[in-house]
Colleague: 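The structure under discussion is supplied below as structure tokens; questions concerning it will follow.
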Amino acid sequence: MTTTSEPGTKAGGRGRSRIDRYEPTVIEPKWQQRWDELGLYETDLEDTSRPKSYILTMYPYPSGDLHIGHWYIVTPTDALARFHRMHGENVFFPIGFDAFGLPAENAAIKNGINPLDWTMRNIEHERTQFRSMGAVFDWRYEVVTCEPEFYRWNQWFFLRLLEHGLAYRRRSPVDWCPNDGTLAREQVEGADRHCWRCGMPVEKRDLEQWYLRTTNYADELLDFSGIDWPEPIKVQQTNWIGRSEGAEVVFTTAPDDAQPGGDELRVFTTRPDTLFGATFMVLAPEHPLVATLTHPDRRAEVDAYVAAAARRTEIERLSTEREKTGVFTGSYAINPVDDERIPIWIADYVLGGYGTGAIMAVPAHDERDFAFAQRFGLAIRRVVAAPGTDDEPLDAAFVSHADDEHLVNSGEFSGLPADEGGRRIVNALSKRGLAKATVTYRLRDWTFSRQRYWGTPIPIIYCDRDGVVPVPDADLPVRLPDTVDYGGRGENPLNHDESFLRVECPRCGGPARRETDTMDTFVDSSWYWFRYLSPHKDDGPIDRELVARWTPVDQYTGGAEHAVMHLLYSRFWTKAMRDLGLVDQDEPFKRLFNQGQILGADGERMSKSRGNVQDPDDLVAKYGADSVRLFLMFMGPWDQGGPWSETGIEGVYRFVRRVWALALDPHGREPGEGSAGPLPDGQDESAARAAIRSAAHRTLRDVTQDYEGFRFNTMVAKLMELVNVLQRYRGTSVAGLSEWDEAISLLLLMLAPAAPHVSEELWARRLDARGEEWRSIHTEPWPVVDERAAAAETYEVPIQVNGKLRDRIEVPTGISEIELEQLVLARERVRELLAGRTPDRVIVAGGRRLVNVVVRG
RNA sequence: GCCGAGGUGGCGGAACCGGCAGACGCGGCCGACUUAAAAUCGGCUGCCCGCAAGGGCGUGCGAGUUCAAAUCUCGCCCUCGGCACCA
């Protein structure tokens, strides 16, 4: 094993060079330890002498092993943090663990262990993995969400939200997964309505659950001004919130021999212009008036339908999707515009949770209503028509809603343009108190309860006398019991844990029972970045001074799969905290970048069960962390991701070794060649020196821009190009001269954020060789481009004739358009192609970069 | 069906503003070094015709705008992600 501190080459040495081999497995741990000892990456949060920069990447779930996907997320973010440090910013780049969640519980049930033990063991392992990649994390600020010092503040927040009416308890149908219990609406995925975690089909259950009032913020969440987020995420959130403008219209039930009538039936419609076309009404099976409106002779059928709808999983509801189902209640409603009696039906295509849970059906102008009307033989009446189509029969719903349409069969409103007619109808009805303009959202309140052990206990006590009683702040945290007995079941073990369950009522002191539901684990990630600033603070959730100074986060990175979960909840939570008077910001993350996802080699998501997981440790052992980091950045655009393939990592490894050899041994000509090689293309020495300098500074300019624009793949490519240039001059008379030396320095500085170990090692050796005292490359300032050097003296202009490339010409940088044109026309090749004809036009394109000679005939 | 992202050599990808298509890397072929191999170094490598000089064709498909289109417009096809009867 060679020592790493002595200079690798004798300056001016001739002949076969002897330099140390590049051994990443030796130098990487060495530097990691050194950085640690020196506290090089400790962030002083109190330091206000430099501009702050809060860089954050989504913390991982500690599932046992970091796989290459985690590295893919963290590496460029780490490089970015380092890049900002080199720009003199006080960078905070923390990490932690999203430690509550289902996999821990599954593992615990399977292996008969405690989820806490499983989780903490995994975290311990993942910490060492993170360290091996050489990230600048300051571990003093680590947050582990399953620790009471963190989750007690979830409970504290919950109590504050409760006080402010932002948390509430309600019985209603919830999405229910047989494995995971209650799910938030956001956690049900796909056309087949499966659980986001386990993939099981989701059912509906009528349960009493805790909710957070996210819908209070629906409009505000639609406003993305002031944050720089990727367009697709904004679009997804916008669609998810699903604001739609329309009107609420009051229908009234008609009296008949079975019931007195007069009940209000409210409906929401976005098409009030079609009100005269309502030929029946449909209630969701869950609608509260279903029982009242059902006629005795229809009761059996209706009850059966409602029961079946409740029992059906969403998946079944979908499989019968082609054919609409429904039953007639026997009752009628009065259409407020024309007092017409229309039948009231029940069908599961109307959703209980959206709008009012009831619709006016306008089969002529709605595809679903049309299908339903056809199936059950209900009337279809056209009330909107395009010019000249007033009486055209409908063989499908007419839904175009174009500007030139007008109303027909709509009483006094007939003939009006559809939009205006709609407005006037609402106006007329609203004077009688029967309609009002309304906005409806698809967004639902956040279903917050989970029937699991491994989460934050909801700090609520149920007392027979006092009802629902919040746990007093002084009694927080409500701790999870240390021992847990799953009894082989999947059911929440807290339900059977007498020592947890039994509690005195904080109000009356009588016997009471604890809430056994825990919080959705998305609560943790909804505010964790605030906690990073003061992870051990025990008299409050956040340090308000530090929060004011450091948040919002300047740059957040993470996957787009969290678009309508974590990234939406975080925005909600921040706004709620603002309204609780805790912070004075509206948004959590100023700038967001979504990196792509690394898939397994089979193109599927990496998972242990599929056996397609790539372990970064193996790669690090073989190539070193620096090469793995560079490779992950080089693979392709960061927002793209893609299937994992090791193909190509050799190339990056080769590149690092070349950097090594160039930096330590400029004269090496392998092997055995004694004399300096020739300069390329008959360049003289001064041209060669200028060329080196120009290449280095052009690279610096481009690489800086690439870092800023998150183009890490081309950043690495440009460093490779510079290395290729230097390689050409290696062993020539200009190698080792001041321009060469500067180029190597720039190369190492540019490489430092991406490949921190090898650049640090080579930097140290250079300082040592010059007899200078050691200082870390990572505390060096980012170099400044010498634009004069970057500009080349001459450049090549491609020449086109009629748009086709025919020739090239080398011209001086400052050439004028006229001179360039003359040079081009004088070219032998151009004259040949012109064959005596006069060009119609000569186009000197974009900054004299290209010339196109146009000639006809 | 609706919304979003994308389609470029054998492969990953580059070309950011309409201006040399294929940077950089992988793979492949040839050569140097070596007893040999590895490593390293050098050259070639979009497809077709041609000994060559050179020419033709090429960015999913088809039209169009332009001196000039991977890039802009229109119409299609395909892949991936999201939504899922939202009245």
Side-chain angles (χ1 to χ4, degrees), chain A residues 21 188-193 230-236 238-240 242 244 246 267-271 274 282 314 317-318 321 324 347-351 353-356 358-362 365-369 371-372 440-442 560-561 563-564 596-597 599 603 631 634-637 639-643 645-652 654-655 657-658 661 668-673 705-706 709 711 713-721 723-724 727-728 730-731 796-805 808 839-847 849-856:
Chain A
R21 276 184 48 208
V188 180
E189 292 183 339
D192 57 353
R193 319 266 312 139
E231 214 49 42
I233 296 287
K234 295 195 275 186
V235 168
Q236 245 190 94
T238 301
N239 291 341
W240 188 258
S244 74
V267 302
F268 174 74
T269 177
T270 54
R271 293 290 305 273
T274 64
V282 186
E314 299 273 337
R317 224 162 126 163
L318 216 104
E321 175 62 8
K324 293 243 181 310
D348 62 8
Y349 83 89
V350 173
L351 307 173
Y354 181 78
T356 60
I359 62 160
M360 62 172 201
V362 184
H365 304 292
D366 181 282
E367 279 165 19
R368 296 150 301 179
D369 298 345
F372 194 83
T440 304
Y441 303 88
R442 301 174 72 154
E561 67 274 15
V564 295
Q597 209 174 29
L599 305 170
F631 177 58
F634 181 60
M635 278 171 49
D639 56 3
Q640 193 174 292
S645 162
E646 217 176 298
T647 314
I649 193 168
E650 288 283 353
V652 166
R654 206 167 288 154
F655 160 74
R657 281 188 318 224
R658 253 183 216 192
R669 272 270 147 176
E670 309 268 335
E673 193 170 319
Q705 286 169 6
D706 281 349
R711 292 181 296 269
N713 56 329
T714 53
M715 180 274 289
V716 177
K718 279 157 193 164
L719 292 179
M720 287 174 166
E721 281 185 77
V723 160
N724 290 346
Q727 182 74 29
R728 285 249 304 288
R730 189 178 183 212
E796 199 181 56
V797 176
I799 301 171
Q800 296 180 337
V801 176
N802 287 337
K804 290 196 178 185
L805 181 70
R808 298 166 177 287
D840 296 290
R841 289 173 70 183
V842 178
I843 290 149
V844 179
R849 278 201 308 271
L850 169 146
V851 177
N852 188 8
V853 180
V854 183
V855 61
R856 258 187 278 280

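Values below: every heavy atom of this structure, side chains too, minus hydrogens, waters and symmetry copies. Reminder, nothing fancy here: chain letters follow the sequence lines and each chain counts from 1.
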Colleague: Check the distance between B/G55's P and A/Asn802's CG and give it to me in whole angstrom.
Modeller: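 These atoms are roughly 13 Å apart.
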
Colleague: A/Phe268 has a side chain; which of B/A14, B/A87, B/C85 sits nearest to it?
Modeller: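 Shortest atom-to-atom distance from the side chain points to B/A87.
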
Colleague: With a 3.5 Å cut-off and heavy atoms only, can you find an N or O donor on one side and an acceptor on the other between the side chain of A/Lys718 and the base of B/C24?
Modeller: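 Per atom types, no contact qualifies.
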
Colleague: With the side chain of A/Ile359 defined as its heavy atoms from C-beta on, choose the nearest nucleotide among B/A87, B/A21, B/A14.
Modeller: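 Nearest to the side-chain atoms of A/Ile359, counting from C-beta on, is B/A87.
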
Colleague: Write down the distance separating the C1' atoms in B/C67 and B/C78, rounded off to the nearest Å.
Modeller: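 Per the computed distance, 34 Å lies between those C1' atoms.
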
Colleague: Touch check for A/Arg657, heavy atoms < 4.0 angstrom, all strands: base, sugar-phosphate only, or nothing?
Modeller: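 If one applies the 4.0 Å heavy-atom cut-off, A/Arg657 turns out to touch the sugar-phosphate alone, with no base involved.
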
Colleague: Syn or anti for B/C33, please, going by whether the chi angle lies within 90° of 0.
Modeller: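 What B/C33 shows is an anti base, its glycosidic angle lying more than 90° from 0.
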
Colleague: Taking CD from A/Gln640 and P from B/U79, how many angstroms apart are they, rounded to a whole number?
Modeller: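 So the two atoms are 18 Å apart, to the nearest Å.
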
Colleague: With no angle test and no hydrogens, is the base of B/C20 tied to the side chain of A/Arg808 by a donor-acceptor pair under 3.5 Å?
Modeller: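 Looking at the base of B/C20, it does pair with a donor or acceptor on the side chain of A/Arg808 (distance under 3.5 Å).
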
Colleague: To the nearest 0.5 Å, tell me how far A/Asp366 CG sits from A/Thr274 OG1.
Modeller: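 Result: 8.5 Å between the selected atoms.
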
Colleague: Using a heavy-atom cut-off of 4.0 Å across all strands, would you classify A/Glu367 as base, sugar-phosphate, or nothing?
Modeller: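 It contacts nothing in the nucleic acid.
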
Colleague: Tell which nucleotide pairs with B/G4, taking only Watson-Crick or G-U wobble pairs whose two distances are both under 3.5 angstrom.
Modeller: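 Its partner is B/C80.
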
Colleague: Check nucleotides 2-4 of chain B against the protein and report each pair of N or O atoms closer than 3.5 Å, with its distance, or say if there are none.
Modeller:
| from | atom 1 | to | atom 2 | distance (Å) |
| --- | --- | --- | --- | --- |
| B/C3 | O2' | A/Asn239 | ND2 | 3.3 |

Colleague: Should A/Tyr354 be listed as having a side-chain N or O under 4.0 Å from OP1 or OP2 of B/A87?
Modeller: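 Yes.
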
Colleague: Report yes or no: do A/Arg658 and A/Asn724 form a side-chain donor-acceptor pair below 3.5 Å?
Modeller: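 A/Asn724 and A/Arg658 do have a side-chain donor-acceptor pair below 3.5 Å.
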
Colleague: Taking for each residue the nucleotide of RNA chain B bearing the nearest heavy atom, is the 5' side occupied by A/Gly648 or by A/Arg442?
Modeller: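 Residue closer to the 5' terminus by nearest nucleotide: A/Gly648.
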
Colleague: If you only use heavy atoms from C-beta on, which nucleotide in B/C20, B/C24, B/A87 is closest to the side chain of A/Val350?
Modeller: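 The answer is B/A87.
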
Colleague: Does any non-hydrogen side-chain atom of A/Asn802 lie less than 4.5 Å from one of A/Val854?
Modeller: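 Answer yes - side chains close enough.
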
Colleague: Are any side-chain N or O atoms of A/Arg711 and backbone N or O atoms of A/Gln705, one a donor and one an acceptor, separated by less than 3.5 Å?
Modeller: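 Yes, the answer is positive, given that a donor and an acceptor are paired below the 3.5 Å cut-off.
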
Colleague: For the side chain of A/Asn724, starting at C-beta, report the closest nucleotide among B/A87, B/C26, B/C24.
Modeller: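 Closest of the options to the side chain of A/Asn724: B/C24.
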
Colleague: Could you give the distance separating B/C51 and B/U40 at their P atoms, to the nearest angstrom?
Modeller: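 Going atom to atom, P in each nucleotide, I get 38 Å.
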
Colleague: Please report the distance, rounded to the nearest Å, between CZ in A/Arg654 and P in B/A39.
Modeller: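 It works out to 7 Å between those atoms.
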
Colleague: Just how far, in rounded Å, is P of B/C41 from CZ of A/Arg730?
Modeller: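 After rounding, the reported distance stands at 8 Å.
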
Colleague: Using atom P in both nucleotides, what's the gap between B/G7 and B/C16 to the nearest angstrom?
Modeller: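 To the nearest whole Å, 13 Å.
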
Colleague: Please report the distance, rounded to the nearest Å, between CG in A/Leu850 and C1' in B/U71.
Modeller: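 Roughly 15 Å, once rounded to whole Å.
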
Colleague: Quick one: classify the glycosidic conformation of B/G9 as syn or anti, with syn meaning within 90° of 0.
Modeller: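 Base orientation relative to the sugar is syn.
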
Colleague: Could you tell me the separation between the CZ atom of A/Arg711 and the C1' atom of B/A23, rounded to a whole number of Å?
Modeller: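 Checked: the CZ to C1' distance equals 14 Å.
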
Colleague: Any side-chain heavy atom of A/Val652 within less than 4.5 Å of one from A/Met720?
Modeller: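 They are in side-chain contact.
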
Colleague: Select one nucleotide: of B/A87, B/G42, B/C20, the one nearest the side-chain heavy atoms of A/Pro798.
Modeller: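 Nearest to the side-chain atoms of A/Pro798, counting from C-beta on, is B/C20.
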
Colleague: Find the distance A/Asp369:CG to B/A87:P and express it as a whole number of Å.
Modeller: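 One finds 12 Å between P of B/A87 and CG of A/Asp369, rounded.
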
Colleague: Under a 4.5 Å cut-off applied to non-hydrogen side-chain atoms, are A/Gln800 and A/Ile843 in contact?
Modeller: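 Side chain of A/Gln800 against side chain of A/Ile843, heavy atoms only: no contact under 4.5 Å found.
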
Colleague: Heavy atoms only, 4.0 Å cut-off, all strands: where does A/Lys804 land among base, sugar-phosphate and nothing?
Modeller: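 Here A/Lys804 touches the backbone only, sparing every base.
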
Colleague: Pick the P atom in B/U65 and in B/C77, then give their distance to the nearest Å.
Modeller: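 Going atom to atom, P in each nucleotide, I get 24 Å.
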
Colleague: Please state whether the phosphate of B/A23, meaning OP1 or OP2, lies under 4.0 angstrom from any side-chain nitrogen or oxygen of A/Asn713.
Modeller: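 Looking at the OP1 and OP2 atoms of B/A23, neither is under 4.0 Å from any side-chain N or O of A/Asn713.
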
Colleague: If we take the P atom in both B/C48 and B/C41, what is their distance in whole Å?
Modeller: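 Their P atoms lie roughly 31 Å apart.
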
Colleague: I'd like the C1' distance from B/U45 over to B/G19, given in whole Å.
Modeller: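 Rounded to whole Å, the distance is 26 Å.
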
Colleague: Got A/Val362 and A/Arg271 here, is their nearest side-chain heavy-atom distance under 4.5 Å?
Modeller: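 Not touching, per the 4.5 Å side-chain cut-off.
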
Colleague: When you measure from the side chain of A/Leu805, which nucleotide among B/C20, B/C26, B/G13 comes out closest?
Modeller: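 For the A/Leu805 side chain, the nearest candidate turns out to be B/C20.
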
Colleague: Looking only at heavy atoms, which two atoms of A/Ala361 and A/Val282 are closest? And how far apart?
Modeller: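 Looking at all heavy atoms of both residues, the shortest contact is CB-CG2, 4.3 Å.
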
Colleague: Just to be sure I understand the rule, does A/Ser244 reach a base, reach only the sugar-phosphate, or reach nothing, if contact means heavy atoms closer than 4.0 Å?
Modeller: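 Answer is sugar-phosphate: A/Ser244 comes under 4.0 Å of backbone atoms only.
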
Colleague: Test salt bridge (charged side-chain N to carboxylate O under 4.0 Å, His left out) on A/Lys718 and A/Glu721 and set out the steps.
Modeller: CA-CA 5 Å; A/Lys718 279 157 193 164; A/Glu721 281 185 77; over 6 Å; no

Colleague: Checking all strands, does A/Asp639 fall into the base, sugar-phosphate, or nothing category for heavy-atom contacts under 4.0 angstrom?
Modeller: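 The residue A/Asp639 makes no contact with any strand.
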
Colleague: Both A/Gly242 and A/Met635 contact RNA chain B. Which one's nearest nucleotide lies toward the 5' end?
Modeller: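 Result of the comparison: A/Met635.
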
Colleague: Can you tell me, in whole Å, how much space there is between the C1' of B/G82 and that of B/C29?
Modeller: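 One C1' to the other, the span is 46 Å.
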
Colleague: Which nucleotide, in any strand shown, forms a Watson-Crick or G-U wobble pair with B/G64, with both distances under 3.5 Å?
Modeller: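 Paired with B/G64, as far as the under-3.5 Å criterion goes, is B/C72.
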
Colleague: Just verifying a value: how many Å separate A/Thr714 OG1 and A/Phe634 CZ, rounded to the nearest 0.5 Å?
Modeller: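 It comes to 10.0 Å.
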
Colleague: Can you tell me the distance, in whole Å, between the CG atom of A/Asn852 and the C1' atom of B/G18?
Modeller: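 Rounded to the whole Å, the gap is 13 Å.
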
Colleague: For B/C41, take OP1 and OP2 only and decide whether either is under 4.0 Å from a side-chain N or O of A/Arg658.
Modeller: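 Looking at the OP1 and OP2 atoms of B/C41, one of them is under 4.0 Å from a side-chain N or O of A/Arg658.
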
